[in-house]
Structures are given as C-alpha cells and as structure tokens.
Amino acid sequence: MNISVEQLRVGFGTVQALDGVSLPFAPGEVAVLAGPNGAGKSTLFSVLLGLVRPDSGAVRVDGRDVLMGSRKDRVAFRARLGYLPEAVAFSENLTGRQVMKFFARARGIAADRREEVLSLVGLAGPAGRAVRGYSRGMRQRLGLGIAILSEPELLVLDEPTGGLDQEGLTVLWDVLAQWKQAGRTVLVSTHDLALVERRADAVHVMSRGKLVASGSPDELRRRTQLPVVVKVEVGDPVRAEELAGGLSARLGVPVDLGVGSLSLQVAPAELLGVMRAIEQSSEGIGGLRVEEPGLDEVYQRLLEV
C-alpha cells in the first residue's frame, strides 16, 4: 500500500493546526513523527483516522484520495489501519483475553489469531487476569495487540514507548521488525527519539503546523552539521596529557582530558583530518571511538533553525 499525505490544511478558529503538510510513506518503512506539543501531530493522526476532515489537501492510497473520495474508499482505508493511542483504557473488570475477544469479534478476527497476538505481545500468561491488575506497560502491550489484530498495512502508534519496561520494548521492536519485513508501513509519534532512532527509516519534524524537516536520521545529521565527539583511550596519564596538548595545538580545538581518556568535538568535515592526526600520534593509544550526535540533539537543532 502506497500512502501519501498531500498539502493538508486544518484550521480551528484562528489556529492553523496543519499548514500545508505533505508526507510520503514508503511500504516497509518505519516513519517517526516528532515535534513539540501543539506541532500538529495529533491533528494529522486525527485526519488519518477519519476523526477530522481537513480544510484542503489529500490522503492518497495507491493514488486514490481516501478522504475526499467515496464513503467506500474511506471505510476501506480505515479497515487497513491499526491505531494505538497514547493513553489506552479498557474495562477494568474484563480479563485481557476478554478485551481481545471483544475487539477481535468486532473486526471479524478468528480466535487463533487472537491467541497468537496475545502471545506475540507477551500476555498469553496474564490473559486470564482482570485488566485492573495490569501494570501500565501491560495495558500498553494489550493496546498494541489490539492495534495489530487485523495485520493492518498502516500501523499508527502514538507515544508507544510510554510505560514500557525492557520486556515491553522488546515486544514493540519485534512488531516493528515484523511490519517492515512484511512490507507494511509504521507511523510513530514519540518524544523518546533516542529509543526509536535505530528503528527509524525516516524522521519528519513538525512545528506549529508545518513540516520543518524530513529525511533519514543520517540525512538529518548531515543537514544540521552538529559536531561529532572523538574519544581516545590512553592508559598512561602522562601520555594522555602529552597527546591532549599535542592534538589541541595541532588541530586548534580544545581537548578534554579525563581519567585514562581524552575527548574532542569536531565538525563532521574535519573528522578525517583529526583521525589522521591521532594515527600519527598513536603511541600509547588503547582504543578510539567516534560518537555521532543523537537524534534528540539533531531534533532540537532543527527546531532552532
């Protein structure tokens, strides 16, 4: 399924919630939607879910406008979409299995798929317990299970990492990997950019209803040109001090001296020269690593532009 958002505009009184937002989503892609509160992310989700009708623009699926087209097209699109809201709520007295059964019946999902999903999200054991005894992370996993019941071609996740422990995060990463492998599309809205960075194929940054930047994490790093950090391990303190002084004088950049190590920040374009300088002074060096700026740092810089 090829999906694209084209020039969406949504206004609420004097507030322009979406101001000409266009986004392509590729099959097999995990796309991350980032932005501060009020950026327009929730409004975009509401448009996709059919809860808000845009003032203008289109959401196209395989070339067909599923918003302004026929009711049949709109219903068919929603049937191919799965959604996990930021805050999930279920009847406290029902068991996890009963909740899953309710949603499965509403969508015509077979019982074996229901049980498969409970196992997939790690709730096969607790499925017989009442939801009131579930932790926040377990409720989040139950919500994720409901979102993927019908194996939707577009999976929309709003702050899916909230409340998840390491077991829950592993479940989430496994679902993202399965959706990518199956050629389906995932759209994730999150403030936890550091957590999802390794899973993101594309990142779309929004601010005040507009799209600020789009691209892969590496493309956005190149755009911001934030410095990289070079860390050098030097076991001998005397040698570390000598090396720090030599590199600072030669490269014209400050070098921070730590216990058994030194580090310096350089522009990406200068990294090769720095590596050569370190190689020429390699005596006593035990190791070296280069740390690129995290996606959260890149995001903050993009919002400042």
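Just so you know, these numbers come straight off a predicted model, no measurement behind them.
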Min side-chain heavy-atom separation L303-P36 under 4.5 Å: yes
For K180, I'd like to know if atom NZ has over 12 heavy atoms of other residues, nucleotides or ligands within 6.0 Å. yes
Candidate pair F25 and H204, rule side chain to side chain contact (heavy atoms under 4.5 Å, CB included), full reasoning: CA-CA 11 Å; F25 302 116; H204 307 292; 4.1 Å; yes
Begin with the C-alpha distance, continue with both residues' side-chain angles, and end with the deciding distance and a verdict on side chain to side chain contact (heavy atoms under 4.5 Å, CB included) for V99 and I146. CA-CA 9 Å; V99 170; I146 291 166; 3.8 Å; yes
No-hydrogen, no-angle side-chain donor-acceptor test under 3.5 Å, T185 and E29: no
Looking only at non-hydrogen atoms, find the nearest pair between D55 and G11 and report the distance. OD2-N, 2.7 Å
Main-chain N/O of E283 paired to R239 side chain as donor or acceptor, under 3.5 Å: yes
Which pair of non-hydrogen atoms, one from V212 and one from S207, has the smallest distance, and what is that distance? CG2-CB, 3.6 Å
Are any of the side-chain heavy atoms of R60 and D65 separated by less than 4.5 Å? yes
Within a radius of less than 6.0 Å around CD of E92, do more than 12 heavy atoms belonging to other residues, nucleotides or ligands occur? yes
Other residues, nucleotides, ligands: >12 heavy atoms within 6.0 Å of R136 CZ: no
Please check: side-chain N/O of T170 versus main-chain N/O of Q166, any donor-acceptor pairing under 3.5 Å? yes
Any donor-acceptor pair under 3.5 Å linking the side chain of R114 with the backbone of I109? no
V205-V156 co-clustered via ILVMFWY side chain contacts under 4.5 Å: no
Counting N and O atoms only, with roles assigned by atom type, does the side chain of D296 sit under 3.5 Å from a partner on the main chain of A194, one being a donor and the other an acceptor? no
Calculate, to the nearest 0.5 Å, the distance between atoms CD and CD belonging to E292 and E297 respectively. 11.0 Å
Linked, directly or transitively: V117 and L81 (ILVMFWY side chains, under 4.5 Å): no
Start with the C-alpha distance between L187 and L48, add both sets of side-chain angles, then the distance that settles side chain to side chain contact (heavy atoms under 4.5 Å, CB included), and finish with yes or no. CA-CA 11 Å; L187 177 59; L48 291 173; 3.8 Å; yes
Atom CG of D256 and atom NZ of K231: how far apart are they, to the nearest 0.5 Å? 10.0 Å
Within the structure provided, determine whether S46 and L49 are in side-chain contact (heavy-atom separation under 4.5 Å). no
Considering only Ile, Leu, Val, Met, Phe, Trp and Tyr, and joining two whenever side-chain heavy atoms are under 4.5 Å apart, list the other residues clustered with V228. V230, V232, V234, L243, L247, L251, V253, V255, L257, L262, L264, V266, L271, V274, M275, I278, I285, L288, V290
Should the pair R113-E116 be classified as a salt bridge under the 4.0 Å nitrogen-to-oxygen rule? yes
Please check: side-chain N/O of K101 versus main-chain N/O of A111, any donor-acceptor pairing under 3.5 Å? no
What distance do R184 atom CZ and I148 atom CD1 have between them, rounded to the nearest 0.5 Å? 9.0 Å
Output the distance between atom OH (Y134) and atom CD (Q140), rounded to the nearest 0.5 Å. 14.0 Å
At their closest point, which heavy atom of R78 faces which heavy atom of G50, and how far apart are they? NH1-CA, 4.3 Å
Taking L155 as the starting point, is it possible to reach L142 by hopping between hydrophobic residues whose side chains are less than 4.5 Å apart? yes
I3, L51: one ILVMFWY side-chain cluster at the under-4.5 Å cut-off? yes
Would the distance check show the side chain of N2 and the main-chain N or O of D62 forming a donor-acceptor pair, the cut-off being under 3.5 Å? no
Looking only at non-hydrogen atoms, find the nearest pair between V171 and G122 and report the distance. CG2-N, 4.5 Å
Stepwise side chain to side chain contact (heavy atoms under 4.5 Å, CB included) test for E242 and D236: CA-CA 10 Å; E242 291 176 353; D236 182 0; over 6 Å; no
State plainly whether one hydrophobic cluster holds both M138 and L149, where clusters connect Ile, Leu, Val, Met, Phe, Trp and Tyr through side-chain heavy atoms under 4.5 angstrom apart. yes
Report, as yes or no, whether the 6.0 Å neighbourhood of atom CD on E304 holds more than 12 heavy atoms from other residues, nucleotides or ligands. yes
Is there a side-chain contact between P160 and L144 (heavy atoms, below 4.5 Å)? no
Would you confirm whether K41, through its side chain, and L33, through its main-chain N or O, come within 3.5 Å as a donor-acceptor pair? no
Nearest heavy-atom neighbours spanning Y83 and D158: OH-OD2, 4.0 Å
Heavy-atom donor-acceptor pair, R141 side chain to V121 backbone, under 3.5 Å: yes
Testing the basics here: between S150 and A79, what is the closest heavy-atom pair and its distance to 0.1 Å? OG-O, 4.3 Å
Counting heavy atoms not belonging to E241, are there more than 12 under 6.0 Å from its CD? no
Ignoring hydrogens and angles, tell me if any N or O in the side chain of Y299 forms a donor-acceptor pair with the backbone of V203 under 3.5 Å. no
Counting distance only, does the side-chain N/O of R139 pair as donor-acceptor with the main-chain N or O of V88 below 3.5 Å? no
Measure the shortest side-chain to side-chain distance between V298 and P217 over non-hydrogen atoms and say whether it is less than 4.5 angstrom. no
Find the distance between CG (L67) and CD (E6) and round it off to the nearest 0.5 Å. 10.5 Å
Distance col, row L169:CG vs L176:CG, nearest 0.5 angstrom, shows 10.5 Å
